[in-house]
Amino acid sequence: MTTPRDQLMEKVVALTKRRGFIFPSSEIYGGVSGFYDYGPYGVALKRAIRDLWWRHMVDLRDDVVGLESTLIMPTQVWAASGHLTNFVDPLRQCLGECKKRWRADHVTGDRCPECGGPLSETRQFNLMFKTHVGPTEDSSSEAYLRPETAQGMFVDFKNVINSSRVRVPFGIAQVGRAFRNEITPGNFVFRVREFELMEMEYFVRPHQDDEPFDYWRKERMRWYTDVLGLNPERLRMYDHPKESLSHYSTQTTDIEYDFPFGWGELEGIADRTDFDLKVHQDHSKQDLTYLDPETNERYLPWVIEPAVSVDRILITLLLDAYDEDVVNNEPRVLLRLHPNVAPVQVAVVPLSKKEELIKVAREVQSLLQGRFRVEYDQTGGNIGRRYRRQDEIGTPFCITVDFDTLQDQAVTIRQRDSTLQTRVKISALVDVLRAGF
Ligand code: GAP
């Protein structure tokens, strides 16, 4: 059954609150627009996304290494990278009743879409959050919360090549918080002001960018469909026309998803050439060139960069997975999440609270823990209700321990999507579950 597209976001937002995935930040004080907290299942889902990204971008490769740079970086970094002047959005403010601020490219005409009041002239608004380092608050102590993690990779480029055995082509990957004072945050966690970026700078020989650019476009698309299980029909690639490229890029492809509010960017893959290393070399007066041991040439490598936020993947996964159907004449809400990302992969549910059942259920739990993300659910009552709760958080498998288990050392695996139940020996359980992934 498919949920009407115009109700999908609303339903997903309600589910994430109800089941402890996402809460508005500082809600008891009224919340802050563009900031969200992640509850227990949200944390598990985020961690799964992050771990899968790291696994496929770093651990399963031998040409990418990791980095963690600071969230606050000095003004010089952002002056050199161009963010101080170019990381801006055009802003218009309502001069009428509501005083709301709008992105100029999101409104047509000269009237406020909310209250109909007149709109101000367009001015450029820098999206970076400014702060001060140390006890004095003057221009010499100014610094910025990073709007992207990428600059850390460029600023530390020399440290990485001098201290590790990487050779071009190679990548530096980083996962961490980024901050953007978005004028109009919205669509839940699709566009927020604090989010978690996952970026990889892949350094290649100058002018040898087309092949790796194409490789990363395809590789990233493959990851979404094969590893995260996103519906390929709702994904497409969008190649930016030259005039809409960021200030650092010569070619960019977005992997787009068909959101309920229209096609939107899920991930960007940008060809940044040697723009960043060059500007940092110029501004810092440090030699950032790389001596290629194969050609004996010195050069600034060019860069291909896949970049995406955990938050945007998370909302995409939830929208893609949300479904409603009818089981045993009762309506059911479920998340058809791929087992790779499900916050709980296996739930162990003893049929009753009888001590002898609980003992075995706890043994099954310890057998599975460490191998899968496991939840133990003994909250008495109807087993059907417990299944429904697991369906709603996207748990692909429930393991039921019943009185027969005491005789036959077997349990029931109940599958989320089909609700099919099969009996399996406890000794075979791990292998059977693994095969279901
Ligand atoms: N270093 C390149 C860069 O930051 P970007 O297109 O501005 O490029 C990369 O951002 C990705 O970060 C986007 O594709 C999206 O997944 C995510 N992203 C950007 N702004 C976001 C926001 N305000 N909230 C959540 N995710 C965001």
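We count ligands from 1, going down the list as the structure has it; atoms in each ligand are counted the same way.
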Polar side chain donor-acceptor pair, Asn86 to Tyr248, under 3.5 angstrom: no
Minimum-distance protein heavy atom relative to atom 26 (N) of ligand 1: Ser309 OG, 2.9 Å
Minimum-distance protein heavy atom relative to atom 25 (C) of ligand 1: Phe190 O, 3.2 Å
Candidates Lys11, Arg332, Arg388, Arg336 - the one meeting salt bridge (charged side-chain N to carboxylate O under 4.0 Å, His left out) with Glu324: Lys11
Atom 11 (C) of ligand 1: the protein heavy-atom neighbour that sits closest, reported with distance to 0.1 Å: Ala307 O, 3.6 Å
Lys/Arg cation over aromatic Trp223: Arg220, 6.0 Å, 45° cone: yes
Donor-acceptor pair, side chain of Arg103 and main chain of Glu182, under 3.5 angstrom: no
Close approach of Arg272 to ligand 1, heavy atoms, under 4.0 angstrom: yes
Under 3.5 Å donor-acceptor, Glu199 side chain and Ala150 backbone: yes
Check: Gln281 side chain, Leu288 main-chain N or O, donor-acceptor pair, under 3.5 Å: yes
Close-contact set for ligand 1 against Gly268 heavy atoms, below 4.0 Å: 14 (O)
Subset of ligand 1 atoms that lie under 4.0 Å from at least one heavy atom of Glu199: 1 (N), 2 (C), 3 (C), 4 (O)
Per-atom contacts of ligand 1 with Glu148, taking only distances under 4.0 Å to non-hydrogen atoms: 1 (N), 2 (C), 3 (C), 4 (O)
Step-by-step side chain to side chain contact (heavy atoms under 4.5 Å, CB included) determination, Asp320 to Tyr257: CA-CA 9 Å; Asp320 203 58; Tyr257 183 81; 2.4 Å; yes
Min heavy-atom dist Ile313 to ligand 1 below 4.0 Å: no
Ligand 1-proximal atoms of Glu267, by part, heavy-atom distance under 4.0 Å: backbone
Nearest non-hydrogen partners of Val77 and His280, listed with the distance: O-CE1, 3.6 Å
Distance from atom 2 (C) of ligand 1 to nearest protein heavy atom, with residue and atom: Glu305 OE1, 3.0 Å
For atom 12 (O) of ligand 1, closest protein heavy-atom neighbour: Leu197 CD2, 3.3 Å
Heavy-atom neighbours of Arg55 CZ exceed 12 at 6.0 Å: no
For atom 14 (O) of ligand 1, closest protein heavy-atom neighbour: Glu265 OE2, 2.5 Å
Closest protein heavy atom (residue, atom, distance) for atom 16 (O) of ligand 1: Leu266 O, 2.7 Å
Ligand-residue contact atoms, ligand 1 with Tyr248, heavy atoms, under 4.0 Å: 2 (C), 3 (C), 8 (O)
Val192 contact mode with ligand 1 (heavy-atom cut-off under 4.0 Å): both
Ring-face cation of Arg167 near Phe170 (centre distance under 6.0 Å, axis angle within 45°): no
Within-shell test, Val308 vs ligand 1, heavy atom, strictly < 4.0 Å: yes
Atom 7 (O) of ligand 1 - nearest protein heavy atom and its distance: Arg180 NH1, 2.8 Å
Mutual orientation of the aromatic rings belonging to Phe190 and Phe261 [parallel < 30°, tilted 30-60°, perpendicular > 60°]: perpendicular
